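Working notes, beginning with the structure itself.
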Amino acid sequence: MKRVLVVYFSQTGQLARIARRLASPLAASGEVELVEEILRPRAPYPFPWPLLRFFDAMPEAVLLDPPPLEPLAVMADEQVDPQFDLVVLAYQVWFLSPSGPVTAFLKSESGKRLLRGRPVVTVIACRNMWLNAQETVKALIHEAGGELRDNVVFTDRAPTLATLITTPRWLLTGKRDGFFGLPPAGVAEADIAGADRFGHALVRALREGREKGSGPMLGGLGAARVDPRLIFSERAGKRAFGAWSRIIRLGGAPGSWLRVPLVALFCLYLVAMILAVVPASLLLQRLLRPLLARRLESQKTYFEAPSGP
C-alpha cells in the first residue's frame with residue numbers, strides 16, 4: 001500500500017475543498033494510505049481580513065519570513081511512520097508569494113524531513129498570478145531535498161479587471177457572491193468539483209509505480225495553464241512588492257504602530273496602480289503581443305512544466 005501525505009493551509013476554505021476533492025480518489029481507492037496535515041500558525045490569521053492587517057502581512061510573505069507553526073501532527077504521532085511515497089503540497093498565493101504558513105513548512109526541519117528524497121505534487125488555488133510563487137516553492141522544495149513532479153493550478157477564470165474587485169471584496173468582507181454584474185470571486189465550483197480527476201490520475205500513477213520515475217504523473221491533463229498576458233505584469237508586481245516590503249519593514253515587526261503609515265501608503269500606491277497602470281499595461285501588452293509572441297510562448301512552456309498544459 002502506498003502512503004501519501006497531503007499538506008495545506010487554507011484561510012477561506014477554498015483550498016481545503018480543492019485539496020480534499022483532489023485527494024478523495026486516493027482515499028477511496030483502497031490502495032493508498034492517505035494522511036492529512038493542516039498547517040496551524042501559532043498566531044491564527046483572521047478571515048475576513050481587517051484591511052490594515054491584510055496589507056501588513058505582505059512584507060513577511062514576500063521576504064519569506066514565515067510565522068511560527070504549531071508542531072506538525074504527523075511528526076508528533078509516534079505511531080505514524082513519517083516516510084511517504086508522495087507528498088501533495090497545496091498552497092495559496094499571497095502577494096505573488098507562497099502563503100506564510102506554507103513557507104514556514106518548507107523551511108522547517110520537520111518539513112524538510114518529510115520532503116527529503118520524496119516526489120512532490122504542488123496544488124495552487126489563487127486569483128490568477130502564481131508564476132513567481134511557484135518558482136519560490138520550487139526552489140524551497142529543491143533545498144529541502146524533494147523533487148517537484150507535478151503542479152496543478154486552479155484560478156479564478158473571471159476577467160482580470162473584474163477579479164481586482166471581487167477578490168479583495170471576498171478577502172476583506174467574506175462575501176464572494178456576484179454583485180453589480182460581476183461574477184462570484186474565486187475558483188469556479190465546476191473546477192473544484194472536477195479536481196478529483198487529478199486524484200484518479202495519481203492513483204493510476206501510484207499503481208504503476210511512476211512516482212519512482214523522473215517524469216510527470218499528470219501530463220496531458222491540463223494541470224497548469226499559463227496566461228501569457230500576465231507574465232510581464234506579474235514580474236513588475238513582484239519587483240514592486242519586494243521594494244515596498246523592505247520599506248514597510250523599516251517600521252518594525254508586524255503589528256507595530258510605526259508600520260501603519262507605511263502600510264497605508266502602500267494601500268494608496270496599490271489602488272493607484274490598479275486604476276491607472278494595470279489597464280494601460282494590459283493594453284500595451286496586447287498591442288505588442290505579435291512582437292513578443294516567441295518569447296511569451298517560450299515562457300509559457302517553461303512555467304507550465306512539469307505537468308504541462
Side-chain angles (χ1 to χ4, degrees), residues 2 4-39 47-48 86-94 98-99 102 120-130 133-134 137 149-160 162-163 165-171 173-179 181-207 211 216-227 230 303-304 306-309:
K2 301 294 176 71
V4 176
L5 175 66
V6 179
V7 182
Y8 65 87
F9 167 78
S10 180
Q11 193 176 18
T12 66
Q14 174 179 260
L15 181 66
R17 293 178 60 207
I18 290 171
R20 289 171 176 165
R21 182 71 179 179
L22 186 149
S24 59
L26 298 166
S29 68
E31 304 173 45
V32 175
E33 178 188 350
L34 189 69
V35 178
E36 181 183 76
E37 179 69 51
I38 302 174
L39 303 176
F47 181 74
L86 178 69
V87 177
V88 177
L89 176 64
Y91 72 93
Q92 300 167 295
V93 176
W94 288 5
S99 70
V102 167
V120 181
V121 174
T122 50
V123 179
I124 304 170
C126 66
R127 183 176 67 90
N128 57 16
M129 291 186 177
W130 53 270
Q134 181 64 1
V137 168
R149 294 291 299 281
D150 285 285
N151 181 34
V152 185
V153 183
F154 297 85
T155 60
D156 189 330
R157 294 179 180 269
T160 296
T163 65
I165 298 172
T166 58
T167 301
R169 174 177 179 261
W170 180 22
L171 296 176
T173 70
K175 299 177 181 179
R176 63 172 301 187
D177 57 304
F179 70 108
L182 296 174
V187 177
E189 290 299 317
D191 290 343
I192 296 175
D196 59 352
R197 66 192 181 96
F198 300 107
H200 287 295
L202 288 177
V203 171
R204 292 192 294 271
L206 289 166
R207 185 183 299 140
E211 78 282 1
M217 295 182 283
L218 300 175
L221 295 180
R225 297 182 183 275
V226 171
D227 184 347
L230 300 176
F303 285 118
E304 289 179 340
S307 300

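Bear in mind the structure is a predicted one, so any value in this text is a computation, not a measurement.
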Steps toward side chain to side chain donor-acceptor pair (under 3.5 Å) verdict (Glu36, Tyr8):
CA-CA 8 Å; Glu36 181 183 76; Tyr8 65 87; 3.0 Å; yes

Val121 vs Leu89, side-chain contact (heavy atoms from CB on, under 4.5 Å): CA-CA, chis, key distance, verdict:
CA-CA 6 Å; Val121 174; Leu89 176 64; over 6 Å; no

Residue pair Val88, Val4: steps toward the side-chain contact (heavy atoms from CB on, under 4.5 Å) verdict:
CA-CA 7 Å; Val88 177; Val4 176; 4.1 Å; yes

When you look at Ser10 and Gln92, which way does the side chain to side chain donor-acceptor pair (under 3.5 Å) test go after all the steps?
CA-CA 7 Å; Ser10 180; Gln92 300 167 295; 4.9 Å; no

Does Leu22 form a side-chain contact (heavy atoms from CB on, under 4.5 Å) with Val123? I'd like the steps, not just the answer.
CA-CA 9 Å; Leu22 186 149; Val123 179; 4.0 Å; yes

Take Leu5 and Glu37 through the test side-chain contact (heavy atoms from CB on, under 4.5 Å) and record every step on the way to the result.
CA-CA 7 Å; Leu5 175 66; Glu37 179 69 51; 4.0 Å; yes

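Distance CG/Leu15 to CD1/Ile124: 10.0 Å, rounded to 0.5 Å. A distance of 4.5 Å separates CZ in Phe179 from CZ in Arg169, rounded to the nearest 0.5 Å.
The minimum heavy-atom distance linking Thr155 with Val153 is given by the pair CG2-CG1, 3.6 Å. The minimum heavy-atom distance between Asn151 and Ala223, with the atom names listed, is O-CB, 3.4 Å. Scanning both residues, Ala19 and Ala90, for their nearest heavy atoms gives CB-CB, 4.2 Å. The minimum heavy-atom distance linking Gln134 with Thr122 is given by the pair NE2-OG1, 3.0 Å. Residues Thr163 and Pro168 approach most closely at O-CD, 3.5 Å, considering heavy atoms. Shortest non-hydrogen contact noted between Trp130 and Ala224 is CH2-CB, 4.2 Å.
Side-chain contact check for Arg127 versus Thr160: some heavy-atom pair is nearer than 4.5 Å. Contact of the Leu206 side chain with the Leu26 side chain is registered, since non-hydrogen atoms from C-beta on lie closer than 4.5 Å. Taking the side chain as every heavy atom from C-beta outward, Pro25 and His200 approach each other to under 4.5 Å. With a 4.5 Å cut-off on side-chain heavy atoms, Thr12 and Trp170 count as touching. A heavy-atom distance below 4.5 Å is not found between the side chains of Ile38 and Phe9. Taking the side chain as every heavy atom from C-beta outward, Leu202 and Leu218 approach each other to under 4.5 Å. Side-chain contact between Glu31 and Lys2: absent, with no pair of heavy atoms (C-beta onward) separated by less than 4.5 Å. Using a 4.5 Å heavy-atom cutoff, the side chains of Leu221 and Phe198 are in contact.
With sequence neighbours excluded, no residue forms a salt bridge (Lys or Arg N to Asp or Glu O under 4.0 Å) with Arg225. Arg21 meets the salt bridge (Lys or Arg N to Asp or Glu O under 4.0 Å) test with Asp196; sequence neighbours excluded. Remark: Arg176 pairs with no residue by the side-chain hydrogen bond (donor to acceptor under 3.5 Å, both in side chains) rule, at least two apart or across chains. Ser29 is linked by a side-chain hydrogen bond (donor to acceptor under 3.5 Å, both in side chains) to nothing, counting only residues two or more places apart in sequence or in another chain. The ring-ring contact (aromatic ring centres under 6.0 Å, His included) check on Trp94 picks up Tyr45, Trp49, with sequence neighbours excluded.
Judged as a salt bridge (charged side-chain N to carboxylate O under 4.0 Å, His left out), the pairs with a partner in residues 183-192 (not counting sequence neighbours) are, in order, Arg17-Glu189, Arg157-Asp191.
Side chain of Asp156 to main chain of Val187: no donor-acceptor pair is present (N/O by atom type, distance under 3.5 Å, no hydrogens or angles).
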